[in-house]
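The structure appears below as structure tokens.
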There are 2 protein chains.
Amino acid sequence: MKGTPVTIKDIAKALNISISTVSRALRGMPEIHESTRTAVIKLAEELDYQPNQLAKNLAKSRTKTIGVIVPNLSYYFFSAALNSIEEAAMQAGYSVMVCQSNESYLREVTNIQNLLRGQVEGFIISLARDTNDYSHIHKLMRKEVPLVLFDRYADEIEATKVIVNNKEAAFKATEHLLENGCKKIGFLAGPPNLLISTQRLMGYKEALEKHGIAFSNTNVFHTDFTQDNTVIKTLEMMSTLNPDGIVAVSDRIAFSAMFALKQKGLRIPEDVAVVSFNNEPICTLLSPTLSSVSQPVQEMGTEVVRLLLRQIENEHKLPVETKILETNLIVRESSARK
Amino acid sequence: MKGTPVTIKDIAKALNISISTVSRALRGMPEIHESTRTAVIKLAEELDYQPNQLAKNLAKSRTKTIGVIVPNLSYYFFSAALNSIEEAAMQAGYSVMVCQSNESYLREVTNIQNLLRGQVEGFIISLARDTNDYSHIHKLMRKEVPLVLFDRYADEIEATKVIVNNKEAAFKATEHLLENGCKKIGFLAGPPNLLISTQRLMGYKEALEKHGIAFSNTNVFHTDFTQDNTVIKTLEMMSTLNPDGIVAVSDRIAFSAMFALKQKGLRIPEDVAVVSFNNEPICTLLSPTLSSVSQPVQEMGTEVVRLLLRQIENEHKLPVETKILETNLIVRESSARK
DNA sequence: ACCGTTACCGCAAACGGTTGCGGTAACGGT
DNA sequence: ACCGTTACCGCAACCGTTTGCGGTAACGGT
């Protein structure tokens with residue numbers, strides 16, 4: 001660090017007053033005389049005094065900062081949620097520290113520890129793909145650290161969360177394909193441990209059964225979320241199942257699936273209709289445009305912050321709460337069979 | 001904050017030793033007896049002592065944290081760069097605080113201030129689209145705060161930076177189209193104030209001139225980087241210029257342009273060939289696959305951190321340095337005319 | 001026994017800012 | 001004049017951790 005930063009000591013010395021007076025003047029405390037306050041503020045501006053947030057936080061034993069951990073910031077959903085979270089937190093006078101786990105459990109553990117040491121007052125977390133062991137989350141909860149999960153959670157974790165009804169959303173998506181004439185529908189899932197994928201799979205299953213179609217595990221193909229693996233799994237599905245409809249667990253999966261279908265010379269939606277989840281902006285730029293379940297990501301971010309701040313600002317332990325937001329199937333060309 | 005966190009005071013009291021001994025034992029200082037050290041570490045683990053990073057940083061007058069500000073984390077390029085930056089920083093024992101400006105100048109100013117107050121030791125910044133006034137950056141430089149710009153920079157800022165040769169990259173992309181038979185090539189630019197767009201435009205211009213084709217400003221269409229605006233501008237270009245080739249300033253622009261072309265019933269690349277920049281993973285999933293200039297984003301992140309840490313760890317002011325990385329045109333279906 | 005050296009700590013101050021409480025001067029009421 | 005109240009500060013301790021320096025006991029050499 002070059003050049004010594006200006007501190008309240010410098011201002012106090014220059015004005016021949018105490019540092020507590022400088023501190024109080026800068027915070028507009030009423031017991032400080034107007035002329036003193038004016039002089040302090042004027043000099044602070046001249047010297048470009050910038051408060052040391054570390055010191056302030058330590059002295060007040062409070063940071064007013066929340067930690068946010070998401071699997072990957074390049075996913076539209078998480079990036080958009082983060083924007084919403086940042087906005088809501090800023091409105092409430094809180095700062096946000098952002099970490100991504102890169103779908104790694106170990107990274108998630110490290111991030112939590114670093115954020116805790118940084119004295120964040122609470123956590124907003126969406127679980128990484130590799131997370132199977134929840135002891136790091138349980139430890140947070142034992143310490144009664146404020147926590148809200150969103151989007152990706154686990155049944156083993158009894159924490160407050162903001163989610164969408166994945167089962168219902170998948171039910172609707174699948175039913176949409178069935179109503180559009182699809183007879184055989186495959187499901188492109190994420191990794192088997194990922195609850196969000198499992199729930200969408202259940203909704204798919206229920207829709208089949210409601211329409212008198214027998215569900216079989218051979219209709220389900222698990223991907224690891226990467227492009228290459230998804231292309232392979234799609235080709236495998238076309239080879240073994242040959243469906244006329246595909247429910248993909250997310251847009252990113254669907255992008256790869258559609259690519260694979262086209263490589264195979266299949267027309268979308270005439271030969272195979274496709275519907276997926278997340279409604280990324282690029283869905284409207286594909287050819288054909290992609291039908292996708294839209295999640296209220298803005299509302300999710302706002303709600304997540306609200307619930308977390310309620311925990312932080314409340315001295316007593318609050319009951320665990322689950323907030324379920326509605327989804328909306330956006331029908332586009334990829335599933336418009338007729 | 002529920003439950004009072006364990007501090008070294010608790011450990012000192014329990015073992016009837018001083019807090020300085022606890023501190024030294026935890027840091028493995030040689031002057032502390034082995035038995036003392038063992039007892040301290042054992043108790044710290046039992047009590048799950050977690051050091052208060054704020055206090056540590058304040059006491060050492062050092063955070064070993066760098067601030068990173070990018071325009072938008074959902075852009076593949078910045079997200080990938082961040083991954084690389086985080087990795088390099090971690091290897092060097094530094095933490096990273098991440099902010100996004102959402103392409104807003106004001107947000108960029110606020111982010112810089114907050115990070116400074118948080119006592120970051122240096123900055124890695126890629127300028128926001130709206131940034132026209134560089135006084136906030138000049139102020140950083142006057143304070144001799146370590147700074148490295150990457151990707152998006154400005155000629156008005158005499159700071160160390162890591163960039164690619166945008167002119168040469170665009171020259172190659174344009175030449176590629178010309179060599180593939182394109183006679184009339186349009187340029188889909190970003191906002192006029194964005195240097196990165198201007199430089200790519202210059203390379204485009206020089207390639208035209210090298211091949212004896214007169215450059216005209218009517219070949220250039222500026223977008224604001226949004227999907228809707230880009231679709232409109234593309235249609236406008238097709239209407240007024242009717243080119244058989246398009247150089248798009250980035251993949252995101254190209255996605256929208258390709259969509260617009262398809263909507264208009266044009267074939268890519270038979271009627272209009274397309275080439276762009278950034279080589280996002282999704283380029284390989286489009287139909288046709290998109291030709292795109294690849295930037296060594298991994299290397300960029302590593303280099304940016306190396307240059308910044310050199311500034312931070314060096315007491316003397318270092319000369320300004322510009323590191324230019326090579327690009328690579330990845331030819332795919334969208335420009336494969338023959 | 002005496003003295004020099006070393007091991008092993010503890011005290012106190014530092015980091016930059018916040019805050020409780022008490023001191024003092026001024027003012028107004030009696 | 002005296003006393004109660006209020007305005008306006010300053011002192012000192014705090015936050016959690018680090019670090020310079022000095023104190024003391026033990027040990028070994030003379």
Side-chain angles (χ1 to χ4, degrees), chain A residues 1 3-41 43-44 47-65 95 113-114 116-121, chain B residues 1 3-41 43-44 47-65 95 113-114 116-121:
Chain A
M1 219 32 128
T4 311
V6 177
T7 70
I8 58 173
K9 283 181 205 168
D10 301 310
I11 296 172
K13 188 171 178 184
L15 296 178
N16 205 32
I17 55 177
S18 76
I19 56 174
S20 67
T21 301
V22 173
S23 177
R24 290 187 172 112
L26 288 173
R27 284 176 290 123
M29 300 297 280
E31 67 262 29
I32 303 296
H33 194 265
E34 181 70 22
S35 65
T36 305
R37 193 178 70 87
T38 302
V40 167
I41 290 176
L43 185 59
L47 299 180
D48 190 38
Y49 163 75
Q50 296 290 329
N52 184 324
Q53 201 62 44
L54 300 186
K56 282 169 89 72
N57 293 342
L58 188 60
K60 286 177 72 81
S61 296
R62 178 153 211 202
T63 59
K64 293 203 85 170
T65 301
S95 299
Q113 182 171 64
N114 288 340
L116 266 179
R117 289 178 177 186
Q119 314 296 304
V120 295
E121 300 195 23
Chain B
M1 231 10 142
T4 311
V6 178
T7 71
I8 58 174
K9 283 180 202 168
D10 301 309
I11 296 172
K13 189 170 176 184
L15 297 177
N16 205 30
I17 54 177
S18 76
I19 57 174
S20 67
T21 301
V22 173
S23 176
R24 288 183 174 118
L26 288 174
R27 285 176 289 120
M29 302 297 280
E31 68 261 29
I32 304 297
H33 194 264
E34 180 69 21
S35 66
T36 306
R37 192 178 69 87
T38 302
V40 166
I41 291 176
L43 185 58
L47 299 182
D48 191 40
Y49 163 75
Q50 296 291 325
N52 183 326
Q53 200 63 43
L54 300 187
K56 284 169 89 75
N57 293 341
L58 188 61
K60 289 176 74 81
S61 296
R62 176 148 213 208
T63 61
K64 295 202 82 170
T65 301
S95 299
Q113 182 172 64
N114 288 340
L116 267 179
R117 290 178 177 186
Q119 312 299 304
V120 294
E121 300 195 22

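Because only heavy atoms are used, hydrogens play no part in the values below, and waters and symmetry mates are left out as well, while side chains stay in. The model shown is predicted, which means the values in this text are computed figures rather than measured ones.
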What is the distance from atom [atom1] of [X] to atom [atom2] of [Y], rounded to the nearest 0.5 Å?
X	Y	atom1	atom2	result
B:Gln119	B:Leu58	CD	CG	8.5 Å
A:Ile11	A:Leu26	CD1	CG	5.5 Å
A:Glu31	A:Thr21	CD	OG1	9.0 Å

Whole angstrom is fine here: how far is it from [atom1] in [X] over to [atom2] in [N]?
X	N	atom1	atom2	value
B:Ile32	D:dT19	CD1	C1'	12 Å
A:Gln119	D:dC15	CD	C1'	11 Å
A:Lys60	D:dA13	NZ	P	22 Å

Between B:Asp10 and B:Thr7 (side chain of the first, backbone of the second, donor and acceptor by atom type, cut-off under 3.5 Å), is there such a pair? yes
Answer yes or no: is there a donor N or O on one side and an acceptor on the other, between the side chain of A:Thr38 and the main chain of A:Glu34, under 3.5 Å? yes
Which nucleotide, in any strand shown, forms a Watson-Crick or G-U wobble pair with [N], with both distances under 3.5 Å?
N	answer
C:dG23	D:dC8
C:dG28	D:dC3
C:dA14	D:dT17

Is B:Arg27 close enough to D:dT19 that one of its side-chain N or O atoms is under 4.0 Å from OP1 or OP2 there? yes
5'-most to 3'-most nt of DNA chain C touching chain B (<4.0 Å, heavy-atom partner on protein side) reads C:dC8 to C:dG16
I need the minimum non-hydrogen distance between A:Tyr49 and A:Ile8, along with the two atoms involved.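 Nearest pair, atom of A:Tyr49 first, then A:Ile8: OH-CG2, 3.6 Å.
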Short of 4.0 Å, heavy atom to strand atom, which residues of residues 51-59 of chain B count as contacting DNA chain C? B:Leu58, B:Ala59
Beyond-backbone contact of [X] with [Y], side-chain heavy atoms, under 4.5 angstrom:
X	Y	value
B:Val22	B:Ile17	yes
B:Val40	B:Ile32	no
B:Thr63	B:Glu121	yes

Using a heavy-atom cut-off of under 4.0 Å over every strand shown, decide if A:Ser20 touches base, sugar-phosphate, or nothing.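 Since a base atom lies under 4.0 Å of A:Ser20, the category is base.
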Looking across every strand, which nucleic acid part, if any, lies under 4.0 Å from A:Thr7 by heavy atom: base, sugar-phosphate, or nothing?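 A:Thr7: backbone/sugar contact only, no base atoms under 4.0 Å.
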